There are 2 protein chains.
Amino acid sequence: MTDKEVKSTEEKIIDAAEEVFHEKGYFGARMREIADRAGINKGLLHYYYKSKAKLFESIFSVAKNKMISRIQVILEGDAPIQSKIDALVDQYMDMVLKNPNLPRFVLNELNNNADDFVSKHFDEVVKLTFSNFQQAIQSEVDLGHLKPIDARQLLVNIISLVIFPVVAKPVLKSLVALSEEEYQAFMEERRQQVKAFVHDALRP
Amino acid sequence: MTDKEVKSTEEKIIDAAEEVFHEKGYFGARMREIADRAGINKGLLHYYYKSKAKLFESIFSVAKNKMISRIQVILEGDAPIQSKIDALVDQYMDMVLKNPNLPRFVLNELNNNADDFVSKHFDEVVKLTFSNFQQAIQSEVDLGHLKPIDARQLLVNIISLVIFPVVAKPVLKSLVALSEEEYQAFMEERRQQVKAFVHDALRP
DNA sequence: GTCTATATCATGATAGAC
DNA sequence: GTCTATCATGATATAGAC
């Protein structure tokens with residue numbers, strides 16, 4: 001949907017709720033602010049979503065899917081491991097740069113909720129995906145193409161290198177004294193840098 | 001202070017407030033819950049801290065210092081770069097394992113506040129520290145001891161590799177299907193793994 | 001479907017007795 | 001210093017007119 005099209009009320013609500021929940025989290029978000037940003041009033045907001053909790057669930061579910069859908073496709077494919085890693089970095093980098101508040105939001109809300117909530121959203125999805133990746137790593141190691149490494153640690157390394165600098169954006173800007181433009185450039189450089197860093201670390 | 005000593009009311013408040021703010025963040029925290037965990041009532045809590053905001057500032061300031069004090073000492077010393085990196089990983093790993101909610105808390109609250117708030121807490125401190133590190137990296141690169149790398153990117157890499165898996169603990173436990181004990185073991189392995197990974201990536 | 005007005009409830013904060 | 005009781009505010013949620 002492009003900006004100039006007329007949004008339905010439902011769409012206006014979703015868009016506004018995404019903004020506010022992603023920025024402020026569940027507890028920081030205000031139904032009032034969501035209604036305002038959607039250009040409607042609180043009564044109408046509650047007409048569409050009976051409660052803040054319902055609206056949140058809807059927003060969170062979409063966010064969670066954005067975070068895991070791409071990784072899943074990549075890790076399950078049968079491309080060579082180096083291209084998998086590069087694709088993983090590129091896809092995640094695209095996603096977090098386009099939705100800078102998404103990772104923090106998902107991470108925080110997963111943390112706020114009990115373990116069974118986390119399992120419900122992640123477990124089934126992720127087991128197969130990961131074991132495929134693990135096997136791919138192992139065979140490359142066996143062939144002497146990669147330095148031996150625990151596949152779990154490697155996967156965590158890659159994701160850390162991409163997501164953390166987005167979650168920590170405010171610190172980063174202070175830490176290396178960046179303006180907004182410099183930060184964007186830094187992250188764009190980072191795309192290549194992370195790929196090279198991981199590649200270099202895996203040299204046998 | 002050990003557990004069996006009698007805590008002053010002030011100490012009980014600080015300890016309880018740390019727990020609650022670190023777990024729930026500013027907006028999720030309740031003065032009621034802080035009073036309960038401290039074993040006092042809300043009236044007394046407000047006698048010590050006139051407002052939630054004041055109490056928060058006090059807790060946040062300590063948390064922020066925990067996050068930057070160690071890194072600063074290490075990066076400013078004149079040890080060889082490889083030992084600096086190892087020390088940095090060890091120190092940060094110790095800290096985040098002992099205070100698993102600390103990084104998320106600091107990161108979130110920095111994000112919730114305006115840029116000048118961030119600058120106030122970080123800027124002056126960090127400039128000198130970083131330029132020292134940058135020079136150390138550069139001379140090692142010049143000597144051919146390290147593969148050329150942007151010092152900013154390297155520093156962000158190291159911090160990402162240590163902190164992210166703590167911030168993302170719930171995801172991690174699902175992603176690689178870990179129990180609490182397995183997670184702790186994973187993180188303990190990680191201490192060596194990160195050092196080796198960074199070291200390997202920097203081989204010329 | 002959309003709005004205004006209102007009910008309900010929880011929270012931060014204060015007042016005052018002891 | 002510590003407690004109980006209460007206030008004031010602001011947020012979610014509902015009722016009802018249009």
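So you know, we letter chains A, B, ... as the sequences are listed, proteins then strands, and number each from 1. This is a predicted model, so every value here is computed, not measured.
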If I compare all heavy atoms of Leu155(B) with all of Leu88(B), which pair ends up nearest, and what's the gap? CD1-CD2, 4.0 Å
Hey, are Glu109(A) and Lys64(A) close enough for a salt bridge, meaning a charged N less than 4.0 Å from a carboxylate O? no
Residues two or more places apart in sequence or in another chain: which of them pass salt bridge (Lys or Arg N to Asp or Glu O under 4.0 Å) with Glu180(A)? Lys169(A), Lys173(A)
So, Arg152(A) and Glu182(B), do they make that salt bridge, N to O below 4.0 Å? no
Among residues 44-58 of chain B, which residues get a heavy atom nearer than 4.0 Å to DNA chain C? His46(B), Lys50(B), Ser51(B), Lys52(B)
Span of DNA chain C engaged by chain B, first through last nucleotide within the 4.0 Å heavy-atom cut-off, is dT11(C) to dT14(C)
Please determine whether the number of non-hydrogen atoms from other residues, nucleotides or ligands lying under 6.0 Å from atom CZ of Arg32(B) exceeds 12. no
Over-ring placement of Lys24(A) relative to Phe27(B), 6.0 Å and 45° cut-offs: no
Would you call Arg104(B) and Glu23(B) a salt bridge, using N to O less than 4.0 angstrom? no
State plainly whether the residues Glu57(A) and Lys52(A) are in salt-bridge range, i.e. N to O under 4.0 Å. no
Heavy atoms within less than 4.0 Å of DNA chain C: which residues of residues 23-37 of chain B have one? Give them sorted by number. Ala29(B), Arg30(B), Met31(B), Arg32(B)
Difference in axis direction between the ends of the helix from dG1(C)-dC18(D) to dC18(C)-dG1(D), five pairs, 10°: 10°
What are the two closest non-hydrogen atoms of Asp200(A) and Ala201(B), and how far apart are they? CB-O, 3.5 Å
Please list all pairs passing the salt bridge (charged side-chain N to carboxylate O under 4.0 Å, His left out) test where one or both residues lie in residues 84-102 of chain B, with sequence neighbours left out. Asp90(B)-Arg191(B), Asp90(B)-Lys195(B), Asp94(B)-Arg191(B)
Carefully, step by step, assess Glu11(B) and Ser8(B) under the rule side chain to side chain donor-acceptor pair (under 3.5 Å). CA-CA 5 Å; Glu11(B) 285 165 332; Ser8(B) 69; 3.3 Å; yes
So which atom in Ile59(A) and which in Phe21(A) form the shortest heavy-atom distance, rounded to 0.1 Å? CG1-CD1, 3.9 Å
